[in-house]
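Everything on this sheet refers to the single structure shown next.
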2 protein chains.
Amino acid sequence: MTTELSPDMFAPECPTRQVPLRIGDKWTAMIVLCLEDGPRRFGELLVPLPAITKKVLAETLRAMERDGLVTRTEFPANPPHVEYALTPLGRSLLTLIDAARDWCAEHLPELTEARRAYTSSFSAASKIS
Amino acid sequence: MTTELSPDMFAPECPTRQVPLRIGDKWTAMIVLCLEDGPRRFGELLVPLPAITKKVLAETLRAMERDGLVTRTEFPANPPHVEYALTPLGRSLLTLIDAARDWCAEHLPELTEARRAYTSSFSAASKIS
DNA sequence: ATCGCCGGTTTCGTTGCGGTAACCAGACCC
DNA sequence: GGGTCTGGTTACCGCAACGAAACCGGCGAT
């Protein structure tokens with residue numbers, strides 16, 4: 001509800017790289033979250049996703065449109081602009097994304113600690129040899 | 001509970017390619033499901049996953065072990081063998097996987113239809129031009 | 001005329017996931 | 001000495017995702 005689109009909305013280190021869960025490709029879940037509170041323009045989506053490039057954003061939005069997750073609407077006003085909005089199908093992904101975020105909030109520290117312990121024991125072993 | 005490990009347990013066309021959701025890498029979710037009912041040996045995991053290779057299975061299991069999702073236990077009996085079992089952390093992924101499967105059961109036809117309609121309209125347009 | 005804004009496209013290059021095929025080491029069997 | 005079973009490893013490779021940077025076309029403003 002009160003979510004603001006801001007440059008620091010997502011951590012710079014892309015969570016999808018560290019977390020064992022992905023919705024679609026690398027950016028789909030974050031775009032769904034950006035559109036949660038209403039339609040956004042192309043340029044507005046670039047703001048909270050500073051690491052994405054225009055090319056990848058366009059590709060991802062096109063794939064999401066193809067899959068019926070978002071709609072693309074051109075406004076031939078002046079200057080012309082484009083709005084992207086979630087479809088009901090795209091909105092239905094929010095429950096799944098929330099489930100994923102709940103899992104991460106609850107269990108990600110365990111996973112991170114396991115990974116740390118594993119790699120530290122490995123590097124210790126390699127020091128011995 | 002009554003899940004049997006069989007070669008046709010998973011469709012030959014890997015679902016993770018058509019579905020906008022992935023747990024970990026390509027095979028992690030399926031391995032978790034294979035281990036749901038108890039520990040399995042390396043060779044037993046190859047059976048229900050006919051499309052996986054030994055190399056990728058070994059890599060995936062090693063990554064899951066590193067992340068604390070499975071344990072690896074060697075049995076020096078004769079012939080020696082290895083058993084993989086879910087940890088509580090790995091088992092906690094099952095609720096997430098079930099949520100993903102529920103979403104797919106409910107919404108995947110919509111997505112597939114949207115994709116079909118999109119590509120057919122696209123190919124129709126290219127016929128016109 | 002040219003500048004900037006918007007919403008991209010184009011080109012090129014890199015990275016990394018996943019796959020193929022061959023090989024291996026220990027133990028037992030014949 | 002060769003074959004088999006288990007649980008891998010090694011070398012190599014193709015493709016798709018991802019990214020950096022430049023360019024573009026329509027339009028209004030200056």
Side-chain angles (χ1 to χ4, degrees), chain A residues 5 10 12-31 34-35 39-67 70-85 122 126, chain B residues 10 12-31 34-35 39-67 70-85 122:
Chain A
L5 294 183
F10 301 108
E13 315 307 331
C14 174
T16 61
R17 290 300 174 147
Q18 310 166 38
V19 161
L21 199 140
R22 285 177 65 185
I23 311 282
D25 53 17
K26 184 173 175 179
W27 299 99
T28 302
M30 287 192 220
I31 292 173
C34 288
L35 296 175
R40 300 286 175 186
R41 296 170 51 180
F42 188 87
E44 288 177 316
L45 290 171
L46 286 172
V47 175
L49 303 170
I52 204 172
T53 63
K54 290 199 274 185
K55 175 200 164 206
V56 175
L57 180 57
E59 283 174 356
T60 307
L61 286 169
R62 198 113 26 240
M64 292 172 75
E65 189 192 2
R66 179 196 53 158
D67 288 349
V70 299
T71 58
R72 179 179 183 279
T73 311
E74 292 186 26
F75 288 81
N78 200 340
H81 63 274
V82 181
E83 273 190 359
Y84 293 92
F122 181 73
S126 68
Chain B
F10 301 108
E13 314 308 328
C14 174
T16 61
R17 289 300 172 148
Q18 311 165 36
V19 161
L21 199 141
R22 285 178 65 187
I23 312 281
D25 54 17
K26 184 173 177 181
W27 299 99
T28 302
M30 288 191 219
I31 292 173
C34 288
L35 295 176
R40 301 284 175 187
R41 296 170 52 180
F42 188 87
E44 289 176 316
L45 290 171
L46 286 172
V47 175
L49 304 170
I52 204 174
T53 63
K54 291 198 278 184
K55 175 202 162 206
V56 175
L57 179 57
E59 281 175 357
T60 308
L61 286 169
R62 196 99 42 233
M64 292 172 75
E65 189 193 0
R66 177 196 55 159
D67 287 348
V70 299
T71 57
R72 180 179 183 278
T73 311
E74 292 186 27
F75 288 81
N78 198 344
H81 63 274
V82 181
E83 274 190 357
Y84 293 92
F122 181 75

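Lettering of chains follows the sequences in order, A, B, ..., and the numbering in each one begins at 1. Only heavy atoms go into these numbers, but all of them, side chains included; no hydrogens, no water, no symmetry mates.
Atom NZ in B/K54 sits roughly 10 Å away from atom P in D/dG8 (whole-Å rounding). Distance B/I52 CD1 to C/dG19 P: 7 Å, rounded to the nearest Å. A straight line from CG of B/L46 to P of D/dC5 spans 14 Å, rounded to a whole angstrom. Taking atom CZ on A/R41 and atom P on C/dC5, their separation rounds to 13 Å, with Å as the unit. Per the geometry, CE belonging to A/M30 stands 11 Å off P belonging to D/dC18, to the nearest Å.
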Criterion side chain to side chain contact (heavy atoms under 4.5 Å, CB included) on B/I52 and B/L45, from CA distance to verdict: CA-CA 9 Å; B/I52 204 174; B/L45 290 171; over 6 Å; no

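Ranked by how close their nearest DNA chain D nucleotide is to the 5' end, A/E59 and A/P79 are led by A/E59.
Of the inter-residue distances, the one linking A/H81 atom NE2 with A/E74 atom CD reads 10.5 Å to the nearest 0.5 angstrom.
For a distance-only test at 3.5 Å, the side chain of B/K26 fails to qualify as a donor-acceptor partner of the base of C/dG18. A donor N or O paired with an acceptor N or O is not found under 3.5 Å between the base of D/dG8 and the side-chain atoms of B/K55.
OP1 or OP2 of C/dG7 has not a single side-chain nitrogen or oxygen of A/R72 nearer than 4.0 Å. In this structure, A/R22 does not reach the D/dA17 phosphate: none of its side-chain N or O atoms is under 4.0 Å from OP1 or OP2.
Residue A/R62 places its side chain closer to C/dT9 than to any other of C/dT20, C/dT9, C/dG7. Looking at the side chain of A/T53, the nearest of the listed nucleotides D/dG19, D/dT6, C/dG7 is D/dG19.
Across all strands shown, A/F75 has no heavy atoms under 4.0 Å from either base or sugar-phosphate atoms.
Between B/F42 and B/K54, some side-chain heavy-atom pair lies under the 4.5 Å cut-off.
Nearest heavy atoms, B/T60 versus B/D25: CG2-OD1, 3.7 Å.
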